[in-house]
Amino acid sequence: MLQPEKPVADKPRPRFSFSGWGPLLGLILLCILATLLNPSFLSLDNIFNVLTRTAFIGIIAVGMTFVIISGGIDLSVGSMAALIAGSMILVMNALEPRLGAGTLTVLVGMLLALALGALFGVLHGLTITKGRIEPFIVTLGTLGIFRAVLTYLSQGGAITLEQNLSDHYSPVYYGAFLGVPIPIWVFLAVALLGGLVLNRTRFGRYVQAIGSNEGVARYAAIQVDNIKILTYVAVGICVAVATILYVPRLGSATPSTGLLWELETIAAVIIGGTSLKGGSGRITGTVIGAILLSTIGNVLNLTSIISVYLNAAVQGIVIIIVAFLQRGRR
Amino acid sequence: MKTILRSLVMLGALLMMAALAQNKVVMGVSIPAADHGWTAGIVYWANQTKGELEKMYPGIQVIVKTAKDASEQANQIQDLYTVNKINTLVILPYESAPLTKPVAALKAKGVFVTVVDRGLTDPNAQNAYVAGDNPGLGKVSGEYVAKQLGGKGNIVILRGIPTVIDNQRYDAFMAVMKNYPGIKVLDAKYANWNRDDGFKVMQDFLTRFKQIDAVWAQDDDIAVGVLKAMDEAKRTDIKFVLGGAGMKEMIKKVMDGDKLITADVTYPPRMIQNAMMLTAESRVKGTAMKTPTIIPSVLVTKDNAKEYYFPDSPF
């Protein structure tokens, strides 16, 4: 009875699991269809475009996977990204006269972003665990707060990075390493790290144990509150990393920055096979889910066989079909 | 004699009351909260005009309130009436349909109502209407694009959010294109009046079409994303990008003779100022207000850009 880790440990390690191939199958089918509709879908440039775009949602979704597996949720990620982007730009602009429009200023901006992400995560975690408020409510509250503060800071307009800084910072989004855009590398690194932490560390096992049965986890002397707080810190840091990549893209933050990212992120996680009720999940699934979501948008832009008025319906249908494929494989 | 005297006194009292009532204009201004560039401009100009009006007409009281959605706005105008005792309302409705009834209720109680930009579904609920010219924006944009291309070339269109406003602009633009069979509209997709979607949609247009001569982005925020996408893809076939609305950064580019942003078409948030000024004038002086008043969408080029550049406005 008091062996809470056993059910988790007994599960086959998802090292080479085929159970996650529902979404992958969906993605492959979608790619074949897209290529038939427009061969330029398969061009390297387009594939890089899609993956680079996916990086924001994908990176946040990796963090979100931990939160959801532990039985929580974070609805604030989009607003948080917007607020971090705005704060980062304001601070970098303010530092430019003193530190110059160079690497140092950009680095300070990045560190600030990470610190803010971690701080917001700690605040969420503490309010949820020590304050005993449902995560849905806490993060719904901060969803409003973060975006309102950004809107206030920007007076409803745009917060724009100084041109010199923007030029210096832009390679972080537009640059490439070994021919592959930087955001894709970062996405890959975050995903690998996430998979490693989830499947190969004690923290990862604890997260899964808490999600499958919190009471049992408590009896097994797992520090449930601390683990939960750490999951919110993880998603906060992921939001910060995504924002660090986002800011150089347009060099500005507006009240529409990160709008609805929370839904896309949660959708990516769930499409990827993580249970919304918590307990188990896969990082590879999340990554595929995120890629699938942005591929749908890309395919719709590359063709005009479907009326633009029906775009959202097509997205809805694909999401439900993929969820169905996955259900069949369970 | 007595009756004449009494009538005179009565008349005097009436006149005084009327004069008092006219002097004591309490104007409520209800507008959407600044949640994107254009509404930020509305908030800026409303507050700016409040100061100017109070200087221009001593005794007038102007209360500016912002709402984050239609139902908040409906509650807000009720509060403006019961708490602030307004007798004049200038409102830019979040949405037309849900606000028609609440506004009509206020008008029935004797409040003078000026509706701005988005007309109510029942025109009887308003005393005056001041609006921007959405079909005009489409028409002016279409004519500019056709002229710049010499009636020949490939264009792509980025639309806003599926709404009446967007349809009016798009339909007017396409009506102009009918006269120019040499111009081919490759495709039109929604970019939701924001920068990120402008970037994404343009990237995909660039992947899909190898030869594009011009882009009609319809909106300056979308145009920001379009420019970034073109810059990244290093495409040189596109001769110009036409946005719209009159964002200060874009007007500045036009003023400085930018290569790609050669012009802009206005849809000025400053129309709230026109509405407030005209309403105040009519209320204080007791003159009738011309309705509807249409604020035309005009073409901004290098020659006249200076008149449309407001560096202090957030938009």
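Just so we're on the same page: letters track the sequence lines, and every chain starts at 1. Everything quoted here is computed from the prediction, not taken from an experiment.
- B:A40 and A:Q155 make their closest contact through CB-O, 3.2 Å (heavy atoms, listed as atom of the first residue, atom of the second, distance).
- With a 4.5 Å cut-off on non-hydrogen atoms, A:S170 does not touch chain B at all.
- Among the candidates B:F315, B:W38, B:F199, B:Y190, the residue making the largest number of heavy-atom pairs closer than 4.5 Å to chain A is B:F199.
- The candidate with the highest count of non-hydrogen atom pairs below 4.5 Å against chain B, out of A:N298, A:N46, A:L302, is A:L302.
- Annotation: B:K234, atom NZ; neighbour count of heavy atoms from other residues, nucleotides and ligands within 6.0 Å does not exceed 12.
- When all heavy atoms of B:G225 and A:L250 are compared, the closest pair comes out as CA-CD2, 4.1 Å.
- There is no contact between A:Y152 and chain B, counting heavy-atom distances below 4.5 Å.
- With a threshold of 4.5 angstrom between heavy atoms, B:A229 does not approach chain A through any atom at all.
- Minimum interatomic distance between A:N301 and B:K200 (heavy atoms only, all atoms of both residues): ND2-O, 4.3 Å.
- Atom CG of B:D197 is separated from atom OG of A:S256 by 8.0 Å, given to the nearest 0.5 angstrom.
- Both the backbone and the side chain of B:T207 come within less than 4.5 Å of a heavy atom of chain A.
- A distance of 9.5 Å separates OG of A:S304 from CG of B:L186, quoted to the nearest 0.5 Å.
- Contact tally against chain B (heavy-atom pairs below 4.5 Å) for A:S252, A:S154, A:S43: the top residue is A:S252.
- Neither the backbone nor the side chain of A:R147 has a heavy atom closer than 4.5 Å to any heavy atom of chain B.
- Contact count versus chain A (heavy atoms, under 4.5 Å) is highest, among B:K228, B:M247, B:R159, for B:K228.
- When the heavy atoms of residues 47-56 of chain A are compared with those of chain B, the residues falling under 4.5 Å are A:N49, A:R53, listed by number.
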Steps toward side chain to side chain donor-acceptor pair (under 3.5 Å) verdict (A:T254, B:R195): CA-CA 9 Å; A:T254 67; B:R195 299 175 179 204; 5.3 Å; no

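- Judged purely by distance below 3.5 Å, without hydrogens or angles, the side chains of B:R208 and A:S40 never pair a donor atom with an acceptor atom.
- Neither the backbone nor the side chain of A:L259 has a heavy atom closer than 4.5 Å to any heavy atom of chain B.
- Of the N and O atoms on the side chains of B:D196 and A:Y246, at least one donor lies less than 3.5 Å from an acceptor on the other residue.
- Heavy-atom distances place the side chain of B:D187, and not its backbone, under 4.5 Å from chain A.
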